[in-house]
Amino acid sequence: MSELEQEDASETSPSLVSDTEFTVTTPVPAGVDNTTLETKSQSKMTGDEGKVGMARLVSYQRAVFVAMFVGYACYTYNRKSVSYAIPTLLASGLINTSTIGIISSCQNIAYAISKFLGGILSDKMSARVLFAIGLAVSGGSTLLFSRTDNTVVWALLWFINGFAQGAGWPACAKLLKKWFSAENFGTWWSVLTASSNVSGTLSPLLAAYVIISHGWSASLVISGLLSLVIAAVTLVTVVDDPVHVHLPNPNTTTTTSTINPTHSITTPPSNKNDESEKMTVKELASSPFLWLVAACYLVVFCTKTALSDWGQIFLMAELGRSQMQASSFTSAMETGGFFGGILAGLLTDKMVRKVKTRGNARLMVAATFMVTCAAGVHVMRASLTPHTSQAVVSVVGMVLGASMYGPISIYGIVASESFPTHLSGTAHAVVALAANVGAVAAGWPLSWVAKTWSWSGVLLLLETMAASSVLLILSTSSKHLTPKLKTA
């Protein structure tokens, strides 16, 4: 297919699968004659048979996606459940700021390690089982956390929680690749990440209500039990691969466009040359582009984690807000993140199709989001006062959420799509590890900054980091943008 034809095809409306016909090619088992198997392994379904096949595939895709969406929302609820209880724990004297930082860093260190290992495990075992086990262990550690008040045990349990959390997203990424076409990968990736924002919007309000009515431990019990139930549901609902239920793999399906029958679209399109497919791990590690993405991911993840974990403390300690008002800010930030993440996927997919460049144009969209992020942190630091209306505080939270979750979605997509297939998982694991280093830095190190220079000093540091990442992207544009040659 010519480059112009690819561009025409990419502008058609995104869908789960083609709505006309598809050809399924299954792998040839060892020892089986290719000629004999050809008529059996290649089946062209048209008419009623094709409609039934498509209906079953779409039905399974929806079930798997909904299960992942709800399941990952529970992962997020568990990960933040202790953060929601922090103001009460502080007020009761059960914990202090330094101890909170240590517990948070324990979780984030474990999360950084396990998310890297989870990417490897997702290639070695069932993604469905990995997802369910991680969610169950996470829920179990949260339940145990609610049953003790020993700070050493808390740190240990939250380390276990963080280690279990690392199984969630690698399993989701593996299932996304198995069940959905690569031509709209950015959009589906962004929609799935929005599950974290849905959870982040609802869970702070639920947690605040339960804590005020029944105490902090009851809030953690609800979070833990819900995760255990959903873990069992996903174990039954999710299927690892369409082949396991006798359905075609969308990533190896040849589709015929109904908009222009003369154009044949093969998903996923191969845009890797022979040299890139031979790239080694050593060559990947020496890629300046990989480390550019990793550095930017570290900055935005540190900022997001800091504002999620410490934002309500800043509002309560510096601006005199109530716990419910502070929780509303966190909820607003997650609501903004829901829209920002999806918008980032849609904008970058469109930019890749429209902008005449080779390389990855998505980073320029990420830079725009980070400009807004730096401005939002500046407003939070310099403009919010004890007399600022709650509506304004919530708007600032929504803008911050949108501007942070957009780049978080973009950097993950960029790392997965910019390197050869056999190294895409490794590339994503590397940048995810950098992101979680940022999350770890948002724990005890920022609590030390707050203790030494106040919360305003923390916000100034985050503002400077966000602005620096924008300058880094703009000053290295030659690493990721090259003018595309005009076609005749």
Side-chain angles (χ1 to χ4, degrees), residues 72 74-90 92-119 121 133-170 196 199-200 203-204 207 216-217 219-221 223-224 227 297-298 301-314 330 429 432-452 458 462:
Y72 199 71
C74 287
Y75 265 103
T76 303
Y77 186 13
N78 252 291
R79 188 160 62 244
K80 296 299 180 184
S81 57
V82 168
S83 296
Y84 303 144
I86 282 176
T88 301
L89 294 173
L90 282 171
S92 63
L94 292 173
I95 204 168
N96 57 46
T97 302
S98 296
T99 305
I100 292 171
I102 292 171
I103 292 175
S104 177
S105 289
C106 283
Q107 184 194 43
N108 289 325
I109 288 171
Y111 187 40
I113 296 170
S114 66
K115 197 170 183 180
F116 183 82
L117 296 176
L121 282 176
I133 289 177
L135 186 55
V137 173
S138 177
S141 65
T142 303
L143 281 175
L144 293 175
F145 194 105
S146 70
R147 299 293 91 193
T148 181
D149 58 4
N150 186 298
T151 55
V152 175
V153 176
W154 277 348
L156 176 61
L157 287 173
W158 229 228
F159 181 90
I160 295 173
N161 183 282
F163 202 82
Q165 287 281 330
W169 190 255
S196 179
S199 175
S203 57
W216 66 270
S217 61
S219 176
L220 268 65
V221 168
S223 173
S227 294
Y297 208 174
L298 185 152
F301 221 80
C302 179
T303 305
K304 188 273 294 185
T305 304
L307 293 181
S308 296
D309 290 351
W310 302 109
Q312 60 180 346
I313 302 299
F314 165 77
T330 303
L433 182 62
N436 285 288
V437 169
V440 171
W444 180 84
L446 283 190
S447 71
W448 178 83
V449 173
K451 185 177 180 180
T452 306
V458 171
L462 296 176

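Only a predicted model underlies this, so the values are computations on that prediction, with no experimental measurement involved.
Between Phe163 and Leu117, some side-chain heavy-atom pair lies under the 4.5 Å cut-off. The closest side-chain heavy-atom distance from Thr305 to Leu446 is not below 4.5 Å.
Of all heavy-atom pairs spanning Ala155 and Cys106, the tightest one is O-CB, 3.9 Å. Contact record, Ser81 with Leu220: O-CD1, 3.7 Å, taken as the closest heavy-atom pair. The two atoms that bring Ser196 and Arg79 nearest to each other are OG-NH2, 4.4 Å, heavy atoms only. Cys302 and Ala442 get closest at one heavy-atom pair: O-CB, 3.6 Å. Between Ala164 and Tyr75 the shortest heavy-atom distance is O-CE2, 3.8 Å.
Looking at Tyr84 and Ser219, their side chains never bring a donor and an acceptor atom within 3.5 Å of each other.
Between Tyr297 and Phe301, the two ring planes are perpendicular [angle over 60°; tilted spans 30° to 60°].
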Residue pair Phe145, Val221: steps toward the side-chain contact (heavy atoms from CB on, under 4.5 Å) verdict:
CA-CA 9 Å; Phe145 194 105; Val221 168; over 6 Å; no

Trp154/Leu89 under side-chain contact (heavy atoms from CB on, under 4.5 Å): CA gap, chis, key distance, verdict
CA-CA 12 Å; Trp154 277 348; Leu89 294 173; 4.1 Å; yes

Steps toward side-chain contact (heavy atoms from CB on, under 4.5 Å) verdict (Val458, Trp310)
CA-CA 10 Å; Val458 171; Trp310 302 109; 5.8 Å; no

side-chain contact (heavy atoms from CB on, under 4.5 Å) between Asn161 and Gln165, intermediate numbers included:
CA-CA 6 Å; Asn161 183 282; Gln165 287 281 330; 3.5 Å; yes

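Note that NZ of Lys80 and OG of Ser308 are 4.5 Å apart. Values are rounded to the nearest 0.5 Å. Separation of atoms OH (Tyr72) and CG (Leu135) is listed at 11.0 Å; rounding is to 0.5 Å. The line from OG of Ser114 to CD1 of Ile160 is 12.0 Å long, rounded to the nearest 0.5 Å. The CH2 atom of Trp158 lies 10.5 Å from the CG atom of Leu144; values are rounded to the nearest 0.5 Å. Taking CG of Asn150 as the reference point, atom CG of Leu156 lies at 10.0 Å (rounded to 0.5 Å). Residue Ser447 holds its OG atom at 11.0 Å from CG of Asp309, rounded to the nearest 0.5 Å.
Across Ser203, Ser138, Ser199, a single residue satisfies side-chain contact (heavy atoms from CB on, under 4.5 Å) together with Asn78, and that is Ser138.
Judged by distance alone, with hydrogens and angles left aside, the side-chain atoms of Gln312 form no donor-acceptor pair with the main-chain N or O of Ile86 at under 3.5 Å.
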